[in-house]
Q: 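This is the structure I have questions about; it appears just below.
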Amino acid sequence: MAYSPLSFNLLFTSLILFISTSTSQKTPSNKPHALILPVTKDISTNQHITRIYQRAPGIPISLTVDLGKANLWVDCENNYISKSYRNAKCNSPPCKLAGSGSCQSCYMGPSPGCNTNTCTTSVTNEVTDRLTDVGEVALDVMYLQSTNGSKPGKLVSVPGYVFVCGNTKILEGLPKGVSGMVGLGRAQIGLPYQIFKAFNLPKKFGICLSSLPRSSPGAIFLGDKPYVFPSQGDVSVYLHYTPLITRPFSIPGTNFRNDPSTEYFIQVSSIKINGKNVNFNTSFLNMNKEGFGGTKISTTKPYTTMVTPIYNAFVRAFMEQRKNIPRVKPVAPFSLCYNAKHFPNTQVGPNGPFIDLVLHQKDVFWRIYGANSMVKVGRNVVCLGFVDGGNSDTAIDIGSYQIEDNFLQFDLESSRLGFTSTLLLHQTRCSNFNKRTQA
Ligand SMILES: *[C@@H]1O[C@H](CO)[C@@H](O)[C@H](O)[C@H]1NC(C)=O
Ligand SMILES: *[C@@H]1O[C@H](CO)[C@@H](O)[C@H](O)[C@H]1NC(C)=O
């Protein structure tokens with residue numbers, strides 16, 4: 001069977017009918033090796049969207065992937081219908097999982113999102129400039145696709161998955177048809193930890209974001225290797241590792257909410273372009289005691305941002321490498337653009353200088369090739385796909401364009417990030433995992 005998004009859909013629909021009629025409260029008997037979620041790129045917003053099945057009867061829910069955020073939230077205001085919805089009673093274990101100490105009274109209900117004696121927590125939409133509200137903590141059944149690392153397997157259910165009820169207003173800025181966001185952050189309520197716990201899986205997950213539009217999805221893998229791509233085998237053999245760093249505070253510089261950030265940080269120590277060091281004051285690359293500085297990985301930023309002093313030095317160093325090529329009028333949000341004919345296509349994208357993020361050790365670097373550094377804007381223009389981050393509290397936010405078609409493994413057992421650089425080097429890409437051929 002071809003493993004296209006369509007068959008993924010059909011498989012779900014037929015299995016859900018079966019599952020929803022059986023008792024949904026017992027834990028699954030067959031422990032899956034790993035689970036896989038499809039992730040598609042929305043071309044108009046550059047957001048990466050996954051789809052889960054939730055509720056009874058189960059329906060598909062599209063959610064924007066937010067790597068660093070803790071919880072999963074959906075719009076409960078509009079058409080949330082489920083026989084298995086439960087609100088989390090104040091001070092019950094789901095409230096503790098959500099880190100919630102607050103309790104609401106809501107007399108417009110009872111309805112999903114509005115119940116009395118229910119704990120609440122914050123709901124954030126990072127895409128729309130930190131749009132925040134407070135929502136009810138709730139539980140409902142979720143269904144996920146299992147995999148043995150190479151072939152899709154049975155659908156499994158997670159009864160009582162803990163999430164947060166948002167409202168329609170906070171959906172602003174998300175693509176049409178998307179009804180919330182899913183956080184993969186390092187917190188007990190995050191999708192990875194809830195799934196690891198439900199199935200007793202090793203605490204590792206992989207993401208492989210597709211650069212191609214909807215019909216060619218990438219994937220999130222919850223669980224350990226292998227990550228077998230057709231004709232390439234297990235791509236985990238290409239992984240290099242760097243430690244994951246925890247920021248001590250959710251909001252740097254404040255002890256007010258002194259819980260550690262759930263986001264993923266790594267140590268970038270310097271940047272090279274074509275092997276040549278980019279000259280800037282590197283002190284901000286090191287996170288300080290208050291949590292300022294450092295390098296974060298983000299899927300809600302479409303392009304990598306750098307604070308202005310680093311960005312300016314970076315752009316200058318890039319121009320230096322291409323000084324004989326005339327620039328063209330920059331196209332926002334970029335500031336350095338060229339005629340595309342000077343950057344002919346290669347196996348690893350437009351032929352620009354390669355960029356190395358030098359990591360915790362001099363000999364460990366993340367090499368970025370044209371496919372992840374140069375953005376085609378219209379037919380004849382390519383731009384350097386990095387954006388001025390102003391005076392952001394992190395030095396560098398590695399955005400989704402720079403991680404597309406790279407396989408990343410978040411190994412939370414060893415607190416390290418595994419990265420492959422572009423899979424195009426190995427004649428494959430993230431969407432190929434889903435293009436299963438006949439056995
Ligand atoms: C996964 O299962 C398929 C059969 O369903 C088998 O052919 C394949 O070898 C298995 N892969 C792994 C990595 O175990
Ligand atoms: C680099 O920046 C830090 C912090 O702003 C400053 O203390 C230090 O003096 C700077 N180093 C140089 C060489 O300019």
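Indexing begins at 1, ligand by ligand and atom by atom, following the structure's order.
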Q: By number and element, which atoms of ligand 2 are closer than 4.0 Å to a non-hydrogen atom of Asn281?
A: 1 (C), 2 (O), 3 (C), 8 (C), 10 (C), 11 (N), 12 (C), 14 (O)
Q: What atoms in ligand 1 come closer than 4.0 Å to a heavy atom of Lys151?
A: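 Those of ligand 1 that fall under 4.0 Å from Lys151 are 3 (C).
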Q: Answer yes or no on whether Arg55 is positioned over the face of Tyr80, meaning its NZ or CZ is under 6.0 Å from the six-membered ring centre and within 45° of the axis.
A: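 Geometry flag: set, cation within 6.0 Å and 45°.
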Q: Is Glu263 paired with Arg186 through a side-chain N to carboxylate O contact shorter than 4.0 Å?
A: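 No.
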Q: Given the protein's heavy atoms, is any one of them under 4.0 Å from atom 10 (C) of ligand 2?
A: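 Yes.
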Q: Any Lys/Arg nitrogen of Glu413 or Lys204 sitting under 4.0 Å from an Asp/Glu carboxylate oxygen of the other?
A: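 No, no charged N to carboxylate O under 4.0 Å.
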Q: Side-chain contact test, heavy atoms from C-beta onward, threshold under 4.5 Å: evaluate it for Thr242 versus Trp366 and give yes or no.
A: no
Q: List every atom of ligand 1 that sits less than 4.0 Å from any heavy atom of Asn148, numbering the atoms from 1 in the order shown and giving each element.
A: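 Numbered from 1, ligand 1 contributes 1 (C), 2 (O), 3 (C), 8 (C), 10 (C), 11 (N), 12 (C), 13 (C), 14 (O).
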Q: With a cut-off of 4.0 Å, which atoms of ligand 2 are near a heavy atom of Ser283?
A: 1 (C), 2 (O), 3 (C), 4 (C)
Q: My question is simple, although I want it checked carefully: is atom 2 (O) of ligand 2 less than 4.0 angstrom from any protein heavy atom?
A: yes
Q: Is the NZ or CZ atom of Arg416 both under 6.0 Å from the centre of the six-membered ring of Tyr241 and within 45° of that ring's axis?
A: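 Flagged: Arg416 positioned over aromatic ring of Tyr241.
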